[in-house]
Structures are given as C-alpha cells and as structure tokens.
2 protein chains.
Amino acid sequence: MIGLPTLPSNRRLDLKERLIDAASSLIEAHGLGSVKARPLAERAGCALGAIYTVFSDLDALIMAVSARTLTRLEAHLDKSEREDEASASPTEAARQKLVWLALAYLDFAFAHRASWRALFEHRLPEGRPVPDWLVADQARLFEKVEKVLQPLVPQLPGPERAILARSLFSAVHGLVLLGLEEKLGVMAFTTLRDEIVRIVSAMARGLEETRT
Amino acid sequence: MIGLPTLPSNRRLDLKERLIDAASSLIEAHGLGSVKARPLAERAGCALGAIYTVFSDLDALIMAVSARTLTRLEAHLDKSEREDEASASPTEAARQKLVWLALAYLDFAFAHRASWRALFEHRLPEGRPVPDWLVADQARLFEKVEKVLQPLVPQLPGPERAILARSLFSAVHGLVLLGLEEKLGVMAFTTLRDEIVRIVSAMARGLEETRT
DNA sequence: CTGACATATGAACAATGTTCATAGAGCTTC
DNA sequence: GAAGCTCTATGAACATTGTTCATATGTCAG
C-alpha cells in the first residue's frame, strides 16, 4: 500500500472526508437515491465495512453532506448581501436586498440542484430525531432573512419578525422548489427569476403598507 | 409478459381498490416509507405476487394513491370556493378568495398530512417519466388559482397569468410545507394560518399596485 | 367430466443496509 | 527483530426489501 504514514486520527478524518466527497458526487450525479453503500465504498477507496467505522449509518453520512451543503449555501448568500448599492430610501434598499437574497437562493439551487434538493428530500426513519446541530444550521438561513427584513417592518416585535422571516423564506423556497420540479415541467430559468422578483417585490410592498 | 393490459374483471378492480386503500392507510399511519410489498399484501388480503397482477410495481400503486389524494384535494378546494360573500369591490373579493383558497390548502395538508406529503415526497427512479395523467391532475391545481386571480390582474395576458398562478401556488405550498416540517419544529396551526393570511394578503396587495 | 386456458400463489432471486468474526497493522518491550 | 498486545479494516454473511416465475388452483366450453 502506498501512502505516507499517517496518525490513526488523521486517517479517520481523511476517510470521513472521502466518504462525504463520494456521497456528494453521487448525489450531484444521480440524486439522493443513488447513495448506496457499495458504490460509496468503491469511490472512497475503502472496504464496505469501513463506512460504519466513521458513520453510524448511511443517514448519518447524508446528514454530514447536508451540513456541508448548508455551509456552502450560507456562504453563497453572504456573498449576495455584499453586493449593496446606494438606494433612494431605506425601505427601498431593504426591498432590494430581499430580492437579491431570494435570487441568490435560486442561483444556488439551480447550480447545485441535486445537493440542494437532497437537503429537503432526505428523511430520517420514523422516530429518529434530527440532530440539534443540523436544525441549528437550517435555522441560520431564516436569520439571514430576518436581518434584511428589519427596516421593512421596524415596528414589528422581534418574535413576530422571526416568524415573518421564516414565512418569507418558505414562500421563496416554494417558488424555487416547484419551479425546478421536473414532475411539473421545469420553468425556464429566466422566467423563474422574473417570477421571484415579481413575487418578492409584491410581498415586500404589501408588507410595507401594513406598517403603521 | 410485458405490461399488464389484461381485461379488468370485477375481481381485479376490487383488488386494485383494496390495494390503494391499504397503501393509503399505511401512508397515513407511518409515511410513504412504510409502503412495503408484504404488509400491503397482508392488509389487502392477497398474495404477495397478486400486487403485480394489477400494478406494474409499487411506484405505480403509489401514483394511484396520489391520483386519489389529488382528487380529494381538488374537491376540498372547490368546497372553499363556494363560501363566497358579498364584498366591497371586485378586487377585494378576489383577494379574499385567494386567501380562502390558500387556507383551504393548508387545512387539507394539515388534516391529511402524510398523504399530502407523499404527493411531493415520492420520486420515480431516475429516467422514468411521470405519466401524463398525473401531470395533468397536478396542473389542475394551478388552474384553480388562475381563475381566482383573474379580477386581480385583469390586464395580464393569459400565459403570464398562468405563470403567476403557478407562482402563487408555489409560494403558499412553501409556507405550508415548511410550516408543517418537523425537521424545523412545526409551527402552531393558528400561527401558520395567520402567516398565510398575512403573506397572501401582502402578495395580493402588492400585485394590485402593479396593475396599471 | 375433461381439457384448455386464465389466474393466483409464494418460494426463490437480486439488490441493498448492516454486522461481526477474523486478519492484519501498528506499537511497546525486551 | 521477535513477541505480544491493542486497535482497526475487511468482506463474507445476514436481514429486509422489490420483483419474477414455475407451479397450483380455478373456470368454463363442449
């Protein structure tokens, strides 16, 4: 066997990494359903049983992939926030930011379709709770919206704003989800973009009216 | 023998019905993942192999369940439309109808959680196309929204209105989907109701503004 | 009643996730 | 470097699934 002598813990981490990579590329190539133990072992260059020395089962591996995808998604959204511009008014700027955030979400989903879909498609066996760290990772997405939302509805109490943020996120998520859903005939990307602009703008305007 | 174009005797139709019932109740009780061949056969009171005399595979059976669920959903939404009231203006009435439609969607999803979820959770193996009749069944949902939408955006050309209807549906779908998503901590039903009212109203108002 | 066709059956197969007895790698001690 | 000890990696074996197919059973015309 070639390879430099590595400490056991390094080897473990390395294997973990390789398995996540293998699962990622399988998902991206043929969807969540193609994550099978034997192909995974082959791609990661390890024995079948080795998988279970670093992950308790395939679900745990898939959640590790999800965590990585969420990190990348967050980074992608952060990038979009930096593209600020001077705007007429603070509410105008906030509205603009909301739209950008939504478009960035669409871009990510489009560019990494299968991985993004796997995030929501994957379900744990009945009765098994989602780990707290994964829930927290997802909750951070809502917080991003919440921050941008602040100037639009300044009078709204914090908890209600959190709920509103979740709702806005959900609405955009629905647009992207069904827009890219092949079951319904995928929408043209530019059409989808326009629709997101239209709906998010409409929501933002509608929200402003209720401000007082 | 390829395909199953056998003559539909009464016994066959009966078995088909029983299998759909069995699958339905399994889904409602323990989710899509619990639809397994052997329990199905037992519940339907038939032999294992009998399943494959009326359905080409389990996916076909699940799609039959989906068709039934869609029919019920449609009926449920139609009921909500009849609850009309005299309103101040035509646009006011349309806005109200949109909200009712969305709330009816939420009610159905809440009352038949697992079946409703199965509608979107189920995925065919890669490369197998969704049958046209199922696509058509789903498309009818969009049409319902489209009809209600007409008075709100009368100047919009037909095709664009169809797209807008799909977008509105998608947004509401997203709200319901993530609102009932246990992965994220389910929202209280009344909160979710309020949020749907808020968001749909906001969208409707926002759309009206762009009318001219 | 008999033969010919149709239908139902469940044992057997293939694909899959997971386990575990075993082989072997790495480390310590002499 | 040999011997012993611990910890890891291995893949054959098992359990659970969807699906098939040779066979048993039913049906009905003549």
Side-chain angles (χ1 to χ4, degrees), chain A residues 1-20 22-23 26-27 29-65 118 121-128, chain B residues 1-20 22-23 26-27 29-65 118 121-128:
Chain A
M1 180 81 88
I2 37 174
L4 302 171
T6 40
L7 296 175
S9 67
N10 279 348
R11 286 240 309 289
R12 265 179 87 79
L13 284 179
D14 202 56
L15 175 57
K16 210 164 178 171
E17 228 20 67
R18 283 195 335 263
L19 279 169
I20 294 179
L26 277 177
I27 289 175
H30 299 106
L32 190 56
S34 71
V35 179
K36 316 255 171 99
R38 284 162 185 81
L40 267 176
E42 181 159 13
R43 282 209 184 210
C46 70
L48 181 56
I51 296 171
Y52 299 89
T53 66
V54 281
F55 290 107
S56 62
D57 56 22
L58 289 191
D59 285 320
L61 168 53
I62 289 171
M63 288 192 289
V65 174
E121 198 174 319
H122 177 241
R123 311 213 78 76
L124 257 19
E126 196 179 22
R128 186 164 157 196
Chain B
M1 179 89 80
I2 298 174
L4 41 136
T6 33
L7 306 174
S9 68
N10 281 346
R11 286 240 306 293
R12 284 181 85 75
L13 284 179
D14 204 56
L15 175 58
K16 209 163 178 171
E17 238 4 80
R18 284 195 335 262
L19 278 169
I20 295 179
L26 277 177
I27 288 176
H30 299 107
L32 189 57
S34 71
V35 179
K36 317 255 171 96
R38 284 160 186 81
L40 267 176
E42 181 160 12
R43 282 209 184 211
C46 70
L48 182 56
I51 297 171
Y52 299 90
T53 66
V54 281
F55 290 107
S56 64
D57 55 22
L58 289 191
D59 284 321
L61 169 52
I62 289 171
M63 287 193 289
V65 175
E121 197 174 319
H122 177 242
R123 311 214 76 76
L124 257 18
E126 196 180 21
R128 184 163 158 196

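Here is the naming used below: chain letters follow the sequence lines, and residue numbers restart at 1 for every chain. These numbers come from the heavy atoms of this one structure, side chains and all, not from hydrogens, waters or symmetry mates.
If you measure from atom CD1 of B:I51 to atom C1' of C:dA8, you get 13 Å, rounded to the nearest angstrom. The interatomic distance linking A:D57 (CG) with C:dT19 (C1') rounds to 13 Å, in whole Å. Protein atom CG of A:D59 is 14 Å distant from nucleotide atom C1' of C:dT16, rounded to whole Å. Taking atom CZ on A:R128 and atom C1' on C:dT18, their separation rounds to 13 Å, with Å as the unit. Following rounding to the nearest Å, A:K16 (NZ) and D:dT8 (C1') show an atom-to-atom distance of 16 Å. Between the P atom of D:dT19 and the CG atom of B:L61 lies a distance of 10 Å, rounded to the nearest Å. Here C:dA14 presents its C1' atom at 13 Å from OH of B:Y52, a figure rounded to the nearest Å. Going from atom CD1 of A:I62 over to atom C1' of C:dT18 covers 15 Å, rounded to whole Å.
B:L19 places none of its side-chain heavy atoms less than 4.5 Å from the side chain of B:K16. In this structure, the side chains of A:M63 and A:L124 come closer than 4.5 Å at one or more pairs of heavy atoms. Side-chain contact between A:V65 and A:V35 is absent, with no heavy-atom pair separated by less than 4.5 Å.
Against DNA chain C, the stretch residues 32-42 of chain A makes heavy-atom approaches under 4.0 Å through A:V35, A:K36, A:A37, A:R38.
Counting any heavy atom pair closer than 4.0 Å across all strands shown, A:L58 reaches sugar-phosphate atoms only and no base atom.
Of the candidate nucleotides C:dT9, D:dT19, C:dG17, D:dT19 has the atom lying nearest to any side-chain atom of B:L48. Side-chain proximity of B:A47 to the nucleotides D:dA9, C:dT18, C:dT9 is greatest for C:dT9.
Within the structure, every pair that satisfies the salt bridge (charged side-chain N to carboxylate O under 4.0 Å, His left out) test and touches residues 40-59 of chain A, not counting sequence neighbours, is listed here: A:D57-A:R128, A:D59-A:R128.
Not a single side-chain hydrogen bond (donor to acceptor under 3.5 Å, both in side chains) links A:E121 to another residue, sequence neighbours left out.
Distances shown here put every side-chain N or O of B:T53 at or beyond 4.0 Å from the OP1 or OP2 atom of C:dT7.
With rounding to the nearest 0.5 Å, the separation of CG in A:D14 from SG in A:C46 is 11.0 Å. Taking CG of A:L58 as the reference point, atom NE2 of A:H122 lies at 9.0 Å (rounded to 0.5 Å).
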